[in-house]
Each structure stands twice: as C-alpha cells, then as structure tokens.
There are 2 protein chains.
Amino acid sequence: MPNLADVIEAYLVELLQQAEQRSIVIQRSDLAALFACAPSQVSYVLQTRFIPQRGYLVETRRGGGGYIRITGLLPSVDELWRQALEISSFALTISDARHLIGLLYQAGLITAREARLLRVALERAVLRLEQPWHDEVRAELMRSMLATLMTSREE
Amino acid sequence: MPNLADVIEAYLVELLQQAEQRSIVIQRSDLAALFACAPSQVSYVLQTRFIPQRGYLVETRRGGGGYIRITGLLPSVDELWRQALEISSFALTISDARHLIGLLYQAGLITAREARLLRVALERAVLRLEQPWHDEVRAELMRSMLATLMTSREE
DNA sequence: TCCTTCTTTGTCCTTCCCTGACCTTTATGA
DNA sequence: TCATAAAGGTCAGGGAAGGACAAAGAAGGA
C-alpha cells in the first residue's frame, strides 16, 4: 500500500514523461481534489520529491489564476551534472564551489559567462548570513542553479 | 486559464509592438468594454505592469477627451544595462526582478539560460533571511550579477 | 516497547486579481 | 460664469490562488 505522496509523485512523473515540453503546469487545488487530499499534501510532495537535488525545478504563482509549473530533467543528463548535484548535496565551501564550477566549464557544460555568474552568486549570496550557515546555504543555491542549467538547453 | 489582467497586458503589449511609434493611446472605458470588465481593472493592469521598473511610461488625462498614453521605453544596449543597475540600486521585489530579467533577455543581452540562472538565484538566495531584508539583498545580488554579465560580453 | 522519520491534515498567512462606490479633473455650452 | 457631462483616479473589500507551519498519525527499526 503505497503512500499517497508516492502516488502523487508517480502521477506527476507520468505527466512529465508524456508532456511535449519538459514542464507541466498544474493547480494545487485541482490535484488535491483529484486525489481527495489536503492541498498542503501537494505542497509536501513538491517539497520532498521535486527538488533541485533530484533535478527538478518548481515555479509557482499565487493569487487568482495561480499555478504550479514543474520542470524536469532532460532525458539523458551527463553524469557530471549528477555528480555536481551530489557534491552540492549538503554543504559547499567557496573553494569547493569554485573548483566544481571550473570542472563544469572545462567539460563544456556551462559557458564562461555562466561560470562567472555562478561564482559571483555563490560568493555574494551568503554575505548577510552568519558564518555557520554559509556552506549550507551555498550548497542549496548551487543545487537550484545546477538544476536550472541542467534543465535548459542551449538558448 | 490566464488572468484577465494577463490578457489585457498581452493585448496592450501587442498593440505596442505593432504601433508605428513607441506609444499607443487608449481610453480606459473602451478597453474595459472590450474585455467586459470594470474600468478600474484597466487601471490595475497599468499600475502593476506598465510601470517604470518594467520600462514603461504611462501618461493620462482626465475629463472630456481624456486618454491614456502608454510608451514603451526602448533604451540602447548600454542604456539598458545602466537602467538595470539603476532599478536594482536599492531594493528589488521578486516580480520586478523577473520582469527586469525578461527585458534583458528580450533585448538579447543575456541568454535564456542566463535569464533562468538569474531568476532562480534571486528567488532562492534570500530564503534564509527575514522578510524585510529580502528586497535589499536581492538588489545587492542582482547588481553583482549584472556587473559580471556587463563585463563579459562574449562567451 | 520506544524512538525516529515520514506522511497527512488543518489553520492561518501572503499574494494577486477584480469590482464597485466614490472622488478629481477637464471640456463645453448655456 | 458655472453647471454638467465625460473622462480617469483612488481605495477598500471580497475572492481565489499558493505558502508556512504545527500537530497528529503511521511506519519501521533498535
């Protein structure tokens, strides 16, 4: 007897696979109605399954006509991407980040501009935070940015 | 099903693109009649979309023969970079950030991937901070990233 | 059993949209 | 001159989304 969360996850993955694009758009309340559960259950599934670590990107909009857009991985993703996500899975020092970005650039997976963008973002984004949080937040940001790059083709 | 506000916005943008000049003149009540909505709905669209932060200028005149003129500012490339920095000089809401990124992309100053990268970075980077700081920190990060992009024109 | 982790729900919050009632400005004509 | 009509402006309020979070329930392992 699988979880409802697993069922919803499977449903969304199925939708993603059948989609022409690599993204689908849903409404939280519709999905909740479909599975006869609380809307926050849908949020839970998104927060625990469709996360950058797994190569997903979720964008939302509130208010009337609000929606949730889920973008998934390209069918075949270079192993290096996966490793990069893996490396960024918990904490990421600034020097490890620089090294990782260098690898991605040398492998031709990101452009020089993208590399600089990643670097500056990872350096600056943590400045207002207490030291102990730096590496963790940096890893979090890195994962999101990696997921973005992984899921978008050239131009 | 998109919002009426989005539909009206798209309609006006379309008009602007087809216009010989860079500006169009409309009447609030006409537009309201066209879309079968309250006139104040039109005002709402103007106030939330066609604002200076997004590159538009709106001039109005009341009374008999009143009108609304919308001008789309199409700055030069250098001017656009400058304006982007200007807009990000102090505080930057997430929705203004998104539109600014859209402008840069439409002007061909950044690629689609770079646009996504900027967007996700600006969204995620502030999550661990208290609300009041979000817009300020976002502006700071945006400036850093803009500076990086400005100074590395080619791949 | 007891503890931990994951799941599920419920409640309240924030954001965004849309309308209606009322206000201000401008042109015009008696 | 000034009353009137014809614009657009302002603002409060209700509704429609999704978000955050705490707490209860379920599953599984030590």
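Just so we're on the same page: letters track the sequence lines, and every chain starts at 1.
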Practice prompt. Show which residues join A/Phe90 in its hydrophobic cluster (side-chain heavy-atom contacts under 4.5 Å, direct or indirect), or state none.
Written response: none

Pairs under 3.5 angstrom, nitrogen or oxygen only, protein versus nucleotides 4-6 of chain D, please.
none

Item to complete: May I ask you to verify if any side-chain N or O of B/Ser43 is less than 4.0 angstrom from the OP1 or OP2 atom of D/dT10?
Response: no

Response to the item:
When B/Leu127 and B/Tyr67 are each assigned the nearest nucleotide of DNA chain D, the 5'-most assignment goes to B/Tyr67

Worksheet, complete the sentence: Rounded to whole Å, the CG-C1' distance (B/Leu31 to C/dT19) equals 16 Å

Item to complete: Examine distances only and state if a side-chain atom of A/Arg138 and a backbone atom of A/Leu92 form a donor-acceptor pair shorter than 3.5 Å.
Response: yes

Worksheet item: How close or far is atom C1' of D/dG9 from atom CD1 of B/Ile26, stated in whole angstroms?
Response: 14 Å

Fill in: Separation of D/dG18 P from A/Gln47 CD (nearest whole Å)
13 Å

Worksheet entry | Between D/dG8 (C1') and B/Asp30 (CG): distance, integer Å | 12 Å

Discussion item. Output the rounded distance in Å from CG (A/Leu46) to C1' (D/dA17).
Written reply: 15 Å

Discussion item. Strictly distance-based, threshold 3.5 Å: is any side-chain N or O of A/Arg143 a donor or acceptor partner for the main-chain N or O of A/Ser89?
Written reply: yes

Response to the item:
note: B/His134, atom NE2; C/dT15, atom C1'; distance rounded to Å ~ 15 Å

Report, one line per pair, each donor and acceptor closer than 3.5 Å where one atom sits in a side chain of residues 12-21 of chain B; sequence neighbours left out.
| residue | atom | partner | partner atom | Å |
| --- | --- | --- | --- | --- |
| B/Glu14 | OE2 | B/Gln18 | NE2 | 2.7 |

Worksheet item: Whole Å only: how far is the CD1 atom of B/Ile68 from the P atom of C/dT26?
Response: 15 Å

Worksheet entry | Spacing of B/Glu123 atom CD relative to D/dG19 atom P, expressed in whole Å | 12 Å

Response to the item:
Output for pair (B/Ile110 CD1, B/Leu104 CG), nearest 0.5 Å, gives 5.0 Å

Worksheet item: Under the ring-ring contact (aromatic ring centres under 6.0 Å, His included) rule, what pairs show up with a residue in residues 6-36 of chain A, not counting sequence neighbours?
Response: A/Tyr11-A/Phe35

Worksheet entry | Contacts of type salt bridge (charged side-chain N to carboxylate O under 4.0 Å, His left out), residue B/Arg98, not counting sequence neighbours | B/Glu123

Item to complete: Test B/Ser95 against every option in B/Arg54, B/Arg49, B/Gln53 by the side chain to side chain contact (heavy atoms under 4.5 Å, CB included) rule and name the one that passes.
Response: B/Arg54

Worksheet item: Just wondering, are more than 12 heavy atoms of other shown residues or ligands nearer than 6.0 Å to CD in B/Glu59?
Response: yes

Item to complete: Produce a footprint string for nucleotides 3-12 of chain C: one letter per nucleotide, 5' end first; B if the base is under 4.0 Å from any protein heavy atom, S if only the sugar-phosphate is, - if neither.
Response: ---SBBBB--

